[in-house]
Each structure stands twice: as C-alpha cells, then as structure tokens.
Protein chains: 2
Amino acid sequence: MITVAIVDDHKILTDGLQRLIEGSGIAKVVGVAHNAADCRKFINFWKPDVLLLDVGLPDISGVDFCKELKERIPELNVLALTTHNEYSVVRQMLENGASGYLIKNAMTEEVLAGIQAVAGGEAFLCHEIDILMKRPKETHIWLSQREREMLKLVAEGLTNGEIADRIFLSPETIKSYRKNLLLKLGAKNTAVLVRMAIEKKLI
Amino acid sequence: MITVAIVDDHKILTDGLQRLIEGSGIAKVVGVAHNAADCRKFINFWKPDVLLLDVGLPDISGVDFCKELKERIPELNVLALTTHNEYSVVRQMLENGASGYLIKNAMTEEVLAGIQAVAGGEAFLCHEIDILMKRPKETHIWLSQREREMLKLVAEGLTNGEIADRIFLSPETIKSYRKNLLLKLGAKNTAVLVRMAIEKKLI
DNA sequence: GATAAAAACCCCCTTTAGGGGATACCAGAG
DNA sequence: CTCTGGTATCCCCTAAAGGGGGTTTTTATC
C-alpha cells in the first residue's frame, strides 16, 4: 500500500482527494497539511511515499518549497498538484525536484496513475501537461535569470534608475534589458509586459 | 433531500465534492459540468435546488455567467465557490444574483451549511468572506464603472490617446482618470497599477 | 435644495519610457 | 575554433507618463 501525504490550502479539495485516494484501494493518506509550516512539522513523522504538493500555498512559493523539501529529504517523491498549466511553472517545478505534475482539472484517474508512477520512482505528467511540454520550444517563453530578475523589479514599479541603483548596473543596461523583454514577450509597453508576466507566471 | 448541481472545471474537486455531499446525507448531486456550455445545456434538466458555481470557469467569467443564469432562471439559488477572497469579486457576484459565497479553502462543513442555507432561500457567506465583507468600507478599493473601464484599457497597453479615440473622450480626461487611479490604488506608476489591478481582481 | 460623488475637461512642466541603432566580453556547444 | 546566448554598456531622439494645479455638468442621495 502506497502512503500519501497531501499539502493544499483548499480544505474542500484535500477532503475530497482523501476520500478519492482511500476509495481507490491503491494508496492511503497518512497526512494532510494546509500550509508549508505544518508540512515541515509533520513530514518526518508521516514519511510518505508520495507527497501531493500544491504550488499555490499561502505561505511560500511552491517552487521554493519543493526545492527546500528535496534538499532536506532527497528520497521524497513530490507530485505537484496545481491550477497552473504554464510552461514556466512546470519547468521550474521539475528543475527543483518534482517527480510529477498534475493540474487540478486533470481526470481523477490521472491522480491515481500519478501516485503509482511517482511512488515507483518514475516521472509522471498528466495528459494536458505532457502535451504542453512536448510543444516546440519556440512556442514557450523562457527568460534568463537576469531577465526574470529585471521583470520582477519592473513589475514592482521601479524605474530604470532605481533598478540600476538596486543591482549596481548602468541605467542604460536596464533600458536594454527592458527593450529586450518587450521584444521577447511581444509586449507593446510596460503595462502589457507586467500583465503578461503575471498571466504567464514568469514572476 | 436537497438537489445540487456542481459546475467547476477542476475534475478532482468536483469528484471529491460529490462524494462529500452525498456522504453527508443532506443533499444529493444531480449534475456536474466542467464548463459553462455544458451547464447551459443541462441546467433545465437537472433543475437543482442549489447550483455550486465556480467563478474561474475556462469559457466565461463567473460574474457574467451568474448574471446570465439568474436572468434565465430567476428562482435558481447560486452558491459561488471560488479561490478568490477579494472584495470586488464577492461584491460583483452578489450584485449579479449569487445567494452565497464560499472560498475553496473554507471548511468542509461550511459547504454543507452553505447548501442548506441557500436551498432554504437564505443568504450564506463562509466565515472568511463574512469577515472580509464586514470590514469598514474604507479598507476596500471600489472603482466606478468608468474607472474600471479605464483600468482595463490601461492594462491592455493603450496610451491615453488611444483610449481617448476608443471611448470618444479627450486625452486630457483619460490623463485625469489615470492620475486618479494611481492615487486611489496607491500605485506609483502604470506597472504597479496593472499589477494591483490583477491582484485585487479589479479587471 | 444642499451635498457629494462621478464624469468630463484643460494647462504647465519634468521625468521616464520607448524606438533605433551599436559595441564588447565571456562561457559553453558544436 | 567559431557561433550562439547571456551579460553589460553607450548614444540619439521622440513619445508618453506623471505631478501639480484647476473648472463644469450631471446625477444620485439626504
């Protein structure tokens, strides 16, 4: 019997999910948490084969939390469970140690398939995400570290001069990065840039 | 026995919710849809006492769909079920005919309490939303129709001149509205304005 | 009938952003 | 060893945004 722990702030979902998993007969739920803090407390007690981890937790970004957990418990199998079907989020989660990725509008059977696969050490992507990741690279927007950093600061409302002071670069450099971001994302101006950055979950 | 229909694109959630409701003994699920189109097709066949309606549907805005349903079937009791705990969303849903409002991280018992209340013709807000709506008006941001329209256009990346052409006003008027929006939301510039507009779900 | 918003308009002036270039260094892939 | 991508820099010039005022009319509320 596979042991599963669930971390998600939506109590209605965790409740339903628990019934669903236990009703399946292939796994049992050994723990549930609604935030990262509780998960940290109990993870060593639960010792689950699979951790179903929501990326939209209230107290920490899912990407950071996944990284933290994998550093502390390298043998833990993390199965991401989110509403985001954005390339950038999936990629960041997988890069930070997630073994699988499910979106919340996936089929119920996919949850069980995901749990079985991940518990067995395999990777697992739900159908929709699998399709998404197989699309040609050109259709995805991917930014370098610096560009993402720049985008965050722009979205915080800093001017080129302020960003320059903050990260010790020339204001002209910031200007160039900014122009490049507009080009890469196909944005007309800062307003659209910020909107796209949020929509595509780049920041 | 109360009859309930569920409209939510997250299949995992609808599945779990169905088990949860039917396990409670107070209500039974007579229909499930994962988008607005299917809901439109079956709503007259289901004739539910309560419609659990997700605000984040893929094919239409929850506010618009709620309005549409209440116009077609005025006696329908809509119980909104969403992830948004923003004043503006709750207010718009209630103004457009929702009888109750639940957030997805509410307690399981609140779902059942909400269904019972709404089926009995009463209004229902889950605890967190109730607290939110009772907060003094000053702590909420509320924009006029025109201001919201303006905010949408700004977030689309239109310049003052372009907005002026679009809605047949003077560019100077747009400028004034824009200044006022920055003031009202406490935003430093357009970047922050757009970010706040999205975060607070004002657009 | 007063009061208070919302809606629409106008001027001046400074700062910032955006469009168009160009150059240089470094690291890793082929 | 070349070639690409990331990083960092600079210049010119125009367009747009932002900060500071101000006025009028309509419409809803008390």
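Reminder, nothing fancy here: chain letters follow the sequence lines and each chain counts from 1.
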Open item on the list: Using a 3.5 Å distance criterion without hydrogens, assess whether the side chain of A:T190 forms a donor-acceptor pair with backbone atoms of B:T190.
Closed with: no
- [ ] Identify whether the distance between the nearest side-chain nitrogen and carboxylate oxygen of B:E162 and B:R166 falls below 4.0 Å.
- [x] no
Task: Distance in angstrom units between A:L193 CG and C:dG18 P, rounded - done: 8 Å
TODO: Hey, can you tell me if A:W142 and A:Y87 have their rings parallel, tilted or perpendicular (30° and 60° cut-offs)?
DONE: perpendicular
Task: Short side-chain N/O contact to C:dA17 OP1/OP2 from A:N160, under 4.0 Å - done: yes
- [ ] Using whole Å, report how far CD1 of A:I174 lies from C1' of C:dT16.
- [x] 14 Å
Task: Toward the 5' end of DNA chain D, by each residue's nearest nucleotide, A:P171 or A:Y177 - done: A:Y177
TODO: Specify the separation, in whole Å, of atom CZ of B:R148 and atom C1' of C:dA7.
DONE: 15 Å
- [ ] Indicate, with a heavy-atom threshold strictly under 4.0 Å, whether A:T190 touches base, sugar-phosphate, or nothing.
- [x] sugar-phosphate
Task: Toward the 5' end of DNA chain D, by each residue's nearest nucleotide, A:S170 or A:K184 - done: A:K184
Task: For atom CG of B:L143 and atom C1' of C:dA6, their distance in whole Å - done: 12 Å
Open item on the list: Any salt bridge linking B:K104 with B:D8? Criterion: basic side-chain nitrogen under 4.0 Å from a carboxylate oxygen.
Closed with: yes
- [ ] Indicate whether OP1 or OP2 belonging to D:dT7 is found under 4.0 Å from a side-chain N or O atom of A:T173.
- [x] no
Task: Value in whole Å for how far the P atom of C:dA7 lies from CD of B:E172 - done: 19 Å
Open item on the list: What is the distance, to the nearest angstrom, from the NZ atom on B:K175 to the P atom on D:dA16?
Closed with: 12 Å
Task: For atom CG of A:N189 and atom P of C:dT16, their distance in whole Å - done: 18 Å
Open item on the list: Using modelled atom types and a 3.5 Å cut-off, is there a donor and acceptor pairing between side-chain atoms of B:S99 and backbone atoms of B:V118?
Closed with: no
- [ ] Please figure out whether B:K179 or B:M150 has its closest DNA chain C nucleotide nearer the 5' end.
- [x] B:M150
- [ ] Would you indicate, yes or no, if C:dA8 has its OP1 or OP2 atom less than 4.0 angstrom from a side-chain nitrogen or oxygen of B:S176?
- [x] no
TODO: Would you mind reading off the distance between A:R178 atom CZ and D:dT9 atom C1', rounded to a whole angstrom?
DONE: 18 Å
